[in-house]
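Below: the structure, in structure tokens.
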Protein chains: 4
Amino acid sequence: MKDQQLIKKRREQMIKGAVSLFIEKGFHRTTTREIAKQSGFSIGTLYEYIGSKEDVLYLVCDAIYEEVSDRLRQQLDTKGSGVERLKKAIAALFHVIDEMQEEVLVMYQEAKSLPKEALPYVLQKEMDMTELMERIIQECVDGGGLELEEQEIKLLAHNILVSAHMWTFRRWAIQKLYTLEEYTNLQIKQLLKGVTEPIKEV
Amino acid sequence: MKDQQLIKKRREQMIKGAVSLFIEKGFHRTTTREIAKQSGFSIGTLYEYIGSKEDVLYLVCDAIYEEVSDRLRQQLDTKGSGVERLKKAIAALFHVIDEMQEEVLVMYQEAKSLPKEALPYVLQKEMDMTELMERIIQECVDGGGLELEEQEIKLLAHNILVSAHMWTFRRWAIQKLYTLEEYTNLQIKQLLKGVTEPIKEV
Amino acid sequence: MKDQQLIKKRREQMIKGAVSLFIEKGFHRTTTREIAKQSGFSIGTLYEYIGSKEDVLYLVCDAIYEEVSDRLRQQLDTKGSGVERLKKAIAALFHVIDEMQEEVLVMYQEAKSLPKEALPYVLQKEMDMTELMERIIQECVDGGGLELEEQEIKLLAHNILVSAHMWTFRRWAIQKLYTLEEYTNLQIKQLLKGVTEPIKEV
Amino acid sequence: MKDQQLIKKRREQMIKGAVSLFIEKGFHRTTTREIAKQSGFSIGTLYEYIGSKEDVLYLVCDAIYEEVSDRLRQQLDTKGSGVERLKKAIAALFHVIDEMQEEVLVMYQEAKSLPKEALPYVLQKEMDMTELMERIIQECVDGGGLELEEQEIKLLAHNILVSAHMWTFRRWAIQKLYTLEEYTNLQIKQLLKGVTEPIKEV
DNA sequence: AATGAATGAGCATTCATTCAT
DNA sequence: TATGAATGAATGCTCATTCAT
């Protein structure tokens with residue numbers, strides 16, 4: 001069909017333009033015309049690459065997840081092991097989410113407007129990240145560094161993810177109380193209570 | 001007097017109608033006509049009691065907070081004390097949030113559309129609830145049941161609130177893994193690690 | 001619901017405005033804004049009284065049929081009888097169609113754009129008129145004025161209707177050849193061949 | 001030469017593609033993109049061979065007339081003579097129109113959308129066919145097989161054409177009542193009343 | 001000669017808000 | 001106080017047409 005390279009390029013332009021607008025004014029208050037303009041092409045061209053406005057939201061959510069995942073994987077210390085590795089993973093996650101605060105917020109607030117068929121895909125990405133964390137926890141348990149039951153492992157994974165997200169969606173309160181480093185140390189302490197001391201380097 | 005009562009009555013009708021619609025289709029996809037109809041009066045009358053559609057959202061958010069607070073206070077065991085009281089408070093909070101899942105979700109998802117001036121009011125309500133929890137924790141600390149620094153107390157309060165909310169906004173994953181009772185026990189164990197055993201009665 | 005009187009009035013305005021536009025430029029080239037303007041109200045008001053642009057077409061077709069029927073019935077000589085009555089009916093039909101040329105043309109050309117569900121209704125109106133003519137023919141046959149089989153009666157009715165319509169849809173040729181009176185006499189002679197002489201008064 | 005052949009080939013592709021689409025969804029609801037695709041080339045190429053979408057309609061109408069004419073001429077028995085020949089001509093016309101029902105309908109319904117300059121050309125084709133029939137009638141009159149005045153000859157020609165067309169545009173009623181053969185015999189009887197008996201072979 | 005990406009005017013439809021009754 | 005008809009700006013989306021390659 002169409003030149004795959006061009007499609008990719010246009011979608012990247014579109015996502016970039018749309019993210020900035022969604023951050024600024026939300027999905028519903030952003031018009032397709034604005035998205036087109038911000039992306040650097042006409043409304044007609046926009047619709048050559050999407051079927052409906054909601055598709056833009058899906059592309060945006062997908063791209064944000066992809067970037068969070070990429071950055072996280074990049075930071076993930078594969079060499080470390082045990083609880084120390086888990087702590088570093090948590091810190092890395094917090095770090096990435098901090099860097100992408102605005103984008104993460106957009107997803108939290110607009111995911112509900114996703115086309116019905118698209119929501120499961122996006123939730124699956126969230127599950128993937130949760131499971132990534134779960135595996136790291138599992139290794140700690142297997143290695144004897146943590147003592148947790150199956151149920152508790154899953155919950156801990158969810159709690160870690162949510163701890164990261166709340167740094168953004170409760171930032172009106174939390175970011176006034178702590179620096180990211182303080183927050184990271186405190187949450188690690190709380191999450192892994194009784195297991196270790198705060199890590200120094202983040 | 002008469003007027004004030006009428007205003008109150010109309011607003012109650014409006015909130016009741018709007019909540020059900022917002023739960024069903026979200027704020028943006030609900031029209032003022034629908035709100036009026038669901039409330040049992042005309043669009044003209046609706047605008048006698050609000051200035052703009054966003055005002056309805058504010059009234060709704062406010063009402064939801066009020067109800068969560070009321071129900072929570074009702075359940076809060078004022079007689080208990082120490083860590084046991086804290087656990088009961090957490091369980092009560094989880095219970096109330098569970099009962100009002102849909103409403104809490106609406107707030108999470110639509111608060112961003114609140115009129116600029118109204119957001120601080122709503123955030124203040126959230127702070128009030130967090131501080132309510134904070135005070136209970138503080139009492140535990142004062143009573144020696146918990147050993148936490150100032151910073152940690154505040155964070156724990158936030159974590160408790162978020163743990164309650166995530167029961168709704170991550171329900172697509174969490175409610176498949178646990179019953180409310182299991183979830184409550186596991187979270188209490190996690191939040192108050194090293195301090196206590198699971199409570200029996202929820 | 002809404003004031004029935006007002007609905008009727010608005011629809012009449014709308015039909016009047018739309019007919020003139022459809023005659024001038026056809027259904028597809030007429031915009032809803034133009035219809036609203038020509039009707040004397042705003043686009044918003046237009047949509048208070050219809051669900052979609054196609055609904056206007058249905059209302060228009062329905063109204064045209066109604067007027068053709070009304071006028072025809074008015075002219076139909078109920079006193080006459082036999083073949084003489086049939087001739088007068090044909091002449092009356094031709095007369096009415098001549099008066100409403102433009103409207104009839106609109107229907108011929110735009111009926112295909114009717115909403116799927118509406119077409120049968122409109123076709124039924126055409127059948128009603130055909131059957132009206134059929135009954136008059138049947139009376140001639142019953143009275144011995146005409147000798148036709150069942151099959152031929154129905155066909156004659158259709159032929160009469162089509163002869164009337166072709167005065168409009170072939171007017172580029174036919175109205176250059178004949179006056180309406182000439183055309184009427186010739187067609188009556190052709191349709192009822194071997195039965196009678198041309199009528200004088202039309 | 002080469003060019004002319006290519007142009008011809010492309011136009012044939014285009015007409016073939018467009019006719020099928022116009023039959024399916026009408027002129028206005030068919031897009032130029034669809035025409036290009038169905039024709040087997042790109043939208044850019046389409047516009048190498050036409051100046052506007054309306055031109056496609058003209059080419060289509062022209063081609064349909066050409067085919068109807070061709071087929072009719074092919075079937076026209078040049079050997080016969082007098083009224084018998086006329087009857088065969090009518091039957092042949094009905095037969096051809098029956099074979100090309102969909103195409104004829106397209107012309108009836110879309111001719112009004114023809115570019116202003118093109119309409120006379122198409123109407124001339126219709127006149128040509130009418131005159132073809134007129135000449136055959138004239139021969140009958142000259143040969144003494146029919147007794148008609150000048151005015152009546154022309155009208156009969158028009159009536160014959162319209163009788164053929166109504167087989168398509170009133171098919172929702174007529175094709176439920178008669179087979180093509182029945183219809184042909186009945187119409188011939190009606191059109192040439194008092195002159196002959198129904199023909200046997202169609 | 002062929003392509004198809006780009007364009008943007010144009011369209012049907014919606015909906016928050018007003019105001020005469 | 002209550003009503004609901006009227007408004008029109010705004011929006012998502014389409015599609016005939018162009019033109020650089």
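Since we're looking at a predicted model, the values are computed, not measured. So that the names make sense, note that chain A is the first sequence line, chain B the second, and so on, each numbered from 1.
If you take CG of B:L46 and C1' of F:dT3, they are 12 Å apart, rounded to a whole angstrom. The distance from atom CZ of D:F27 to atom P of F:dC15 is 13 Å, rounded to the nearest whole Å. Rounding to whole angstrom units, CD of residue D:E34 and P of F:dA16 are separated by 9 Å. If you take NZ of C:K37 and P of E:dA12, they are 15 Å apart, rounded to a whole angstrom. One atom, CD1 of D:I35, and another, P of F:dA16, lie 8 Å apart when rounded to the nearest Å.
Tested against C:L21, the residues C:K16, C:K37, C:E34 include a single side-chain contact (heavy atoms from CB on, under 4.5 Å) partner, C:E34.
Within 6.0 Å of atom NZ in A:K25, more than 12 heavy atoms from other residues, nucleotides or ligands are found, so the atom counts as buried in its surroundings.
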TODO: With side chain to side chain contact (heavy atoms under 4.5 Å, CB included) as the test, would you mind laying out the steps for A:F22 and A:V56 before giving the verdict?
DONE: CA-CA 10 Å; A:F22 292 173; A:V56 181; 4.1 Å; yes

Open item on the list: I'd like to know whether D:F27 forms a side chain to side chain contact (heavy atoms under 4.5 Å, CB included) with C:H28, so could you lay out the CA-CA distance, the side-chain angles of the two residues, the decisive distance to 0.1 Å, and finally the verdict.
Closed with: CA-CA 10 Å; D:F27 173 71; C:H28 278 103; over 6 Å; no

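Side-chain N/O atoms of D:R10 include one lying less than 4.0 angstrom from OP1 or OP2 on E:dA2.
Looking at A:R11, its side chain does come within 3.5 Å of a backbone N or O of A:Y49 through a donor-acceptor pair.
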Task: Structure string for DNA chain E in dot-bracket form, Watson-Crick and G-U at under 3.5 Å, | interchain - done: .||||||||||||||||||||

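In this structure, C:E66 pairs ionically with C:K125, as a charged nitrogen and a carboxylate oxygen lie closer than 4.0 Å. Between D:E54 and C:R29, at least one side-chain N (NZ, or NE/NH1/NH2) sits under 4.0 Å from a carboxylate O, which counts as a salt bridge.
Judged by a 6.0 Å distance limit and a 45° cone about the ring axis, B:K53 is not positioned over the six-membered ring of B:Y47.
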Task: Sequence-aligned protein contact record of nucleotides 13-21 of chain E, with B where the base is within under 4.0 Å of a protein heavy atom and S where only the sugar-phosphate is - done: BBSBBB---

